[in-house]
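Heads up, the thing below is written out as structure tokens.
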2 protein chains.
Amino acid sequence: MPKARVYITLKPTLLDAQGRTIQNALHQLGFERVQSVRVGKYLEIELAPDGDPHAQLEAMCQQLLANPVIEQYRYEVVDE
Amino acid sequence: MPKARVYITLKPTLLDAQGRTIQNALHQLGFERVQSVRVGKYLEIELAPDGDPHAQLEAMCQQLLANPVIEQYRYEVVDE
């Protein structure tokens with residue numbers, strides 16, 4: 001059964017407020033070496049084994065999973 | 001500069017309500033082939049180049065990034 005991993009992150013030009021908050025918290029905990037943190041979503045999706053998983057994933061990301069205006073996404077099919 | 005990717009997901013035995021909701025939405029959009037969806041967090045962390053990034057990442061996950069009671073995590077250092 002094809003299994004896909006989808007990674008969705010804010011576009012690099014946008015300020016990642018959540019990531020900045022995590023970075024500050026890490027600094028306060030003593031992790032001074034952290035230079036930047038960016039937060040995204042990670043999805044593991046199992047698909048039935050018929051059809052083209054890449055085309056399906058592209059459509060899913062465009063229609064529901066990501067907001068293409070502010071987010072970028074990538075995916076990989078790990079078990080075709 | 002070392003760059004790390006951290007993946008945090010619910011432990012497999014726990015019901016992923018958010019993932020189930022996304023799965024239902026995908027089915028309603030016509031993506032009937034989706035068998036399961038699990039949602040997690042994805043972080044990209046840049047570290048200053050001194051010290052052992054793996055030890056630092058392990059400590060960060062334990063202390064702040066993940067909840068080890070209900071979540072599992074893994075990380076990779078992509079650019080040492």
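Given the structure is predicted, the values throughout are model-derived calculations rather than measurements. Lettering follows sequence order; numbering is per chain, from 1.
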*asked:* Report, in residue-number order, which members of residues 61-76 of chain B are under 4.5 Å from chain A by heavy-atom distance.
replied: B:Gln63, B:Leu64, B:Leu65, B:Arg74
*Say you draw a straight line from CD of A:Glu32 to CD of B:Gln56; how long is it, rounded to the nearest 0.5 Å?*
10.0 Å
*With a 4.5 angstrom heavy-atom cut-off, which part of B:Ala59 approaches chain A: side chain, backbone, both or neither?*
both
*asked:* Has B:Arg33 got a side-chain atom pairing as donor or acceptor with A:Leu47's backbone, closer than 3.5 angstrom?
replied: no
_Which residues share a ring pair (Phe, Tyr, Trp, His ring centres under 6.0 Å) with A:Tyr42, sequence neighbours left out_ = A:Tyr7, B:Tyr7
*Output the distance between atom CD (B:Glu44) and atom CG (A:Leu10), rounded to the nearest 0.5 Å.*
10.5 Å
*Nearest 0.5 Å, what's the CD1-CE distance between B:Ile22 and A:Met60?*
11.5 Å
*Contact part of B:Asp16 toward chain A, heavy-atom cut-off under 4.5 Å: side chain, backbone, both or neither?*
neither
*asked:* Taking every non-hydrogen pair under 4.5 Å, which of A:Val6, A:Ile8, A:Val39, A:Asp50 racks up the most with chain B?
replied: A:Asp50
